[in-house]
Amino acid sequence: MGRLVSCSDDLLVQASLDGDTTAFAALMLRYGEAVVALIRRRVPNAVDAEDILQETLLSAWLHLATLSNAARVKPWLLQIARNSCRDYYRSPLRRDVPVHNEPLEHLVNRYGRAEGPELAEVELRDAFNRLPSPMRLTAQLFYLEDLPISQIAEQLRCPTGTVKSRLHSARNHLRHLLEPDSTKGDDCHD
C-alpha cells in the first residue's frame, strides 16, 4: 500500500474499478478523515456514526463506477456520506427507538431552551433544517463541510456574491431562530 499513497486519484480510482481493494483503501486513507468528520458532526451517537461510515464506504465501493470525474472523488465521497446521514435520520427504525423516561426539566433553561452541548447541537441542527433550501445548503457547505466560498460557488454553480449573500441571510435567520425570546414559528421565507 505504501506505493499507492503517492498515486493520483485517477490511478487509484481506475485500480479500484479493476478490483484492487488496496487502491480503494488508499483512497479511503486519503479522504477518510474528512468523511469521518462530516459523519461525526451530523450524527453524535458514536455507534450509529460507525454504522453510517460503514454504509458510506460500502456504497462508495459499490457505486465507484458512477464517479464521472476522478479528480472530484473527495466531494463525491462527502456527498455519499451526507446521503447516508440523511437516510439515517429518515429511517423508521431510528424513530422507533424509545426515549429515556427520565424527566427533561433539568435539560431546559428558564427560556424553555435546551441546555447542554448535545441538546444545543440538536437545536442548531433543527434551526439549520428550518432554513430555506438554497440558504441551508450553502450554510451547511460553509459551516459544516468547511468548504471555501469559491468551491461552494463552483459546486452550486452560482456566483461567489450569491454564496456570500446566502451565508449572510443564513446567519441572520439562524440568529433569529436561536434567540431565547424568538418564536419558533416557520418565519423563514427567503
Side-chain angles (χ1 to χ4, degrees), residues 1-97 121-122 124-125 128-129 131-164 166-167 170:
M1 176 125 74
R3 65 175 175 76
L4 293 175
V5 173
S6 61
C7 289
S8 70
D9 287 351
D10 290 334
L11 290 174
L12 291 175
V13 168
Q14 188 54 51
S16 298
L17 287 170
D18 293 338
D20 185 347
T21 56
T22 56
F24 186 75
L27 271 174
M28 295 307 103
L29 280 175
R30 187 172 289 170
Y31 300 114
E33 197 172 300
V35 171
V36 168
L38 181 146
I39 292 170
R40 285 193 178 150
R41 278 194 305 268
R42 292 180 177 220
V43 181
N45 180 315
V47 173
D48 291 339
E50 183 64 30
D51 288 345
I52 292 168
L53 175 61
Q54 295 303 318
E55 290 173 20
T56 299
L57 296 178
L58 178 62
S59 183
W61 174 253
L62 293 175
H63 299 99
L64 191 59
T66 66
L67 177 62
S68 59
N69 181 356
R72 307 266 312 147
V73 72
K74 181 179 179 183
W76 180 77
L77 286 169
L78 292 173
Q79 186 58 50
I80 291 172
R82 280 191 288 276
N83 291 345
S84 295
C85 291
R86 184 197 64 227
D87 292 346
Y88 163 78
Y89 281 109
R90 289 182 178 171
S91 168
L93 296 175
R94 183 183 168 280
R95 287 190 290 272
D96 291 341
V97 175
E121 185 177 330
V122 168
L124 181 60
R125 188 178 302 126
F128 255 90
N129 289 334
L131 292 173
S133 183
M135 197 184 302
R136 179 179 58 245
L137 178 58
T138 304
Q140 285 174 335
L141 291 172
F142 185 77
Y143 292 110
L144 302 178
E145 310 303 325
D146 299 321
L147 293 179
I149 289 175
S150 60
Q151 193 173 351
I152 295 170
E154 179 184 321
Q155 188 171 341
L156 297 180
R157 294 187 174 105
C158 65
T160 57
T162 301
V163 172
K164 291 176 183 178
R166 287 179 184 170
L167 288 173

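The structure displayed is predicted, hence computed values, not measured ones.
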Euclidean distance, L38 CG relative to Q140 CD, rounded to 0.5 Å:
9.5 Å

About how many Å separate CD of E50 and CG of L53, when rounded to the nearest 0.5 Å?
5.5 Å

Closest approach of T160 and S150, non-hydrogen atoms and distance?
CG2-CA, 4.2 Å

Taken to the nearest 0.5 Å, the spacing of L131 CG from M135 CE works out to 6.5 Å

Closest non-hydrogen atoms of L167 and A139, given as atom of the first, atom of the second and distance, are CD2-CA, 3.8 Å

Residue pair A49 / I39: nearest heavy atoms and the distance that separates them
O-CG2, 3.6 Å

Can you find a pair of side-chain heavy atoms, one from D51 and one from Y88, that are under 4.5 Å apart?
no

Taking N69 for its side chain and A71 for its backbone only, find out whether a donor-acceptor pair lies under 3.5 Å.
yes

Using side-chain heavy atoms (C-beta onward) and a distance below 4.5 Å, is Q79 in contact with R72?
no

Can you find a heavy atom in the side chain of L141 that is under 4.5 Å from one in the side chain of L156?
yes

Would you sort out whether L12 and R30 count as a side-chain contact (heavy atoms from CB on, under 4.5 Å), showing the intermediate values?
CA-CA 11 Å; L12 291 175; R30 187 172 289 170; 3.5 Å; yes

How long is the span from the CD1 atom in I149 to the CD atom in E154, to the nearest 0.5 Å?
14.0 Å

With a 4.5 Å cut-off on side-chain heavy atoms, are F142 and V163 touching?
no

Closest heavy-atom pair, L27 versus S16, reported as atoms and distance to 0.1 Å, is CD1-OG, 4.2 Å

Say you draw a straight line from OG1 of T56 to CG of N83; how long is it, rounded to the nearest 0.5 Å?
9.0 Å

Please name the pair of heavy atoms, one in C85 and one in V43, separated by the smallest distance, quoted to 0.1 Å.
SG-CG2, 4.0 Å

Less than 3.5 Å apart, any donor N or O on the side chain of D10 or Q14 sitting next to an acceptor on the other?
no

d(D87 CG, E55 CD) to nearest 0.5 Å is 8.0 Å

Heavy-atom closest pair, residues R82 and P75
NH2-O, 4.2 Å

